[in-house]
Amino acid sequence: MLKDSIQTLMAQVKEIQANNAEELEALRIKYLSKKGEITALFNEFREVPNDQKRELGQLLNQLRQETEGRLAELREQLGERLEASGERLDLTRTPDPIALGTRHPLSLVREEIEDIFSRIGFTIAQGPEVEDDKHVYGMLNFAPEHPARDMQDTFFIEKEIGVQKPTDVLLRSHTSSVQTRVMTSQKPPIRVLCPGRVYRNEAISARAHCFFHQVEGLYIDKNVSFADLREALLYFSKEMFGPETKIRLRPSYFPFTEPSAEMDISCNICGGTGCSFCKGTGWVEILGCGMVDPNVLEACGIDSKVYSGYAFGMGVERITNLKYRVKDLRLFSENDVRFLKQFESC
Ligand code: DAH
């Protein structure tokens with residue numbers, strides 16, 4: 001009989017208890033869900049003869065209200081209990097501070113270099129780290145058997161795993177490769193700065209690593225001269241290391257520039273008087289540079305009778321060492337937070 005079932009449930013519901021949110025939810029499901037016991041009684045109610053509908057309908061509604069009321073009561077009690085035991089979620093509490101990471105010193109220095117050159121019209125260009133021989137050496141005027149491929153300790157990539165065939169796929173050993181990419185895809189005037197990671201097959205030590213970072217500069221236009229190069233590098237050195245900084249250019253050799261030079265700055269540690277860092281000379285080398293060799297311009301489809309240009313390349317680790325006196329190159333890639341945290345306020 002429906003009436004008996006209602007009364008039994010009514011008695012049951014008055015006694016229900018819940019120790020936690022799961023038990024409470026289980027009770028709601030047991031009585032009030034689509035397949036719940038009270039819902040089943042409502043379904044049964046549809047078959048009841050009309051003359052009993054009024055009474056049974058009232059009883060059923062009472063049962064449902066009673067159940068909903070009891071569940072609400074239990075929910076409230078549960079909340080009070082959690083609050084008392086300190087387990088209740090306090091959404092108004094200030095959260096624990098999030099430990100933010102710090103900027104990597106190499107990123108800070110790279111961005112400073114980019115910023116300095118962007119103020120004299122350089123824009124950023126990028127190229128692939130996995131390169132081919134042509135862009136890294138061939139078009140940069142390295143003869144086919146040039147020992148630089150060995151000298152630069154290039155990582156060549158095997159095309160088939162485990163099969164050592166001659167390959168022209170390699171990890172770029174300098175960012176000068178981006179020069180050839182830019183010159184073959186853009187028309188002069190070109191004024192780009194090319195930051196990026198480079199790879200060399202070197203044993204890892206405090207002073208050498210198998211990967212490091214360079215920033216390459218390239219300026220191609222009509223009538224670009226060595227004096228323009230010197231002026232740009234002097235401006236950079238003063239901005240980077242302070243207005244007192246002096247520069248000196250020493251003749252050197254690179255296959256892709258003619259004439260070529262290496263640039264020293266007055267030692268920013270002793271101010272040029274001589275210290276252990278500059279080995280008593282007062283000068284420290286920071287970059288290589290020169291006038292872009294006409295052969296390179298021609299290889300990239302630029303008329304060397306109309307255009308000339310300069311290029312330079314520097315190591316970001318080297319500049320960072322000078323700025324922050326980091327003595328061991330390995331620190332840059334170990335990501336020890338105790339090291340990285342020191343640059344927090346930079
Ligand atoms: N690519 C050279 C290196 O990795 C650096 C360099 C020297 C770049 C002279 C230049 C340059 O653009 O003109 O050692």
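Counting convention: from 1, in listed order, for ligands and their atoms alike.
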Exercise. Mind checking what makes ring pair (Phe, Tyr, Trp, His ring centres under 6.0 Å) contact with Phe42, not counting sequence neighbours?
Worked result: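 Once residues adjacent in sequence are excluded, Phe42 has no partner under the ring pair (Phe, Tyr, Trp, His ring centres under 6.0 Å) criterion.
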Exercise. Do His213 and Glu317 have a side chain donor and acceptor closer than 3.5 Å?
Worked result: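 Yes, Glu317 and His213 have a side-chain donor paired with an acceptor closer than 3.5 Å.
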Exercise. For the atom pair CZ (Arg250) and CE (Met263), what is the distance rounded to the nearest 0.5 Å?
Worked result: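 It comes to 10.5 Å.
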For this session: Please round to the nearest 0.5 Å and tell me the distance separating atom CD of Glu47 and atom CD of Gln52.
Result: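 Interatomic distance, Glu47 CD to Gln52 CD, rounded to 0.5 Å: 12.5 Å.
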For this session: Kindly say whether Ile16 contributes a backbone atom to a donor-acceptor pair with the side chain of Arg70 at under 3.5 angstrom?
Result: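 Judged by distance alone, yes, a pair lies under 3.5 Å.
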Problem set entry | Donor-acceptor contact present, side-chain Ser266 to main-chain Lys246, <3.5 Å |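 Looks like yes, one N/O pair under 3.5 Å.
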Exercise. Parallel, tilted or perpendicular for Phe256 and His174, by the 30°/60° rule?
Worked result: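 Geometry flag for His174 against Phe256: perpendicular rings.
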Which ligand 1 atoms are under 4.0 Å away from a heavy-atom of [X]?
X	result
Thr257	13 (O)
Ala311	12 (O), 13 (O)
Gly290	13 (O)
Gln214	3 (C), 4 (O)
Gly288	7 (C), 9 (C), 11 (C)
Ser176	1 (N), 8 (C)

Problem set entry | ligand 1 contact by Gln179, heavy-atom criterion under 4.0 angstrom |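 Within the 4.0 Å threshold, so yes.
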Exercise. Under 4.0 angstrom from ligand 1, any heavy atom of Arg200?
Worked result: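 Within the 4.0 Å threshold, so yes.
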Exercise. What part of Phe256, side chain from CB on, backbone N/CA/C/O, both or neither, has a heavy atom under 4.0 Å from ligand 1?
Worked result: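 Looking at Phe256 and ligand 1, just side chain atoms fall under 4.0 Å.
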Exercise. Just heavy atoms, cut-off under 4.0 Å: does Cys289 contact ligand 1 by side chain, backbone, both, or neither?
Worked result: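 For Cys289, only backbone atoms sit under 4.0 Å from ligand 1.
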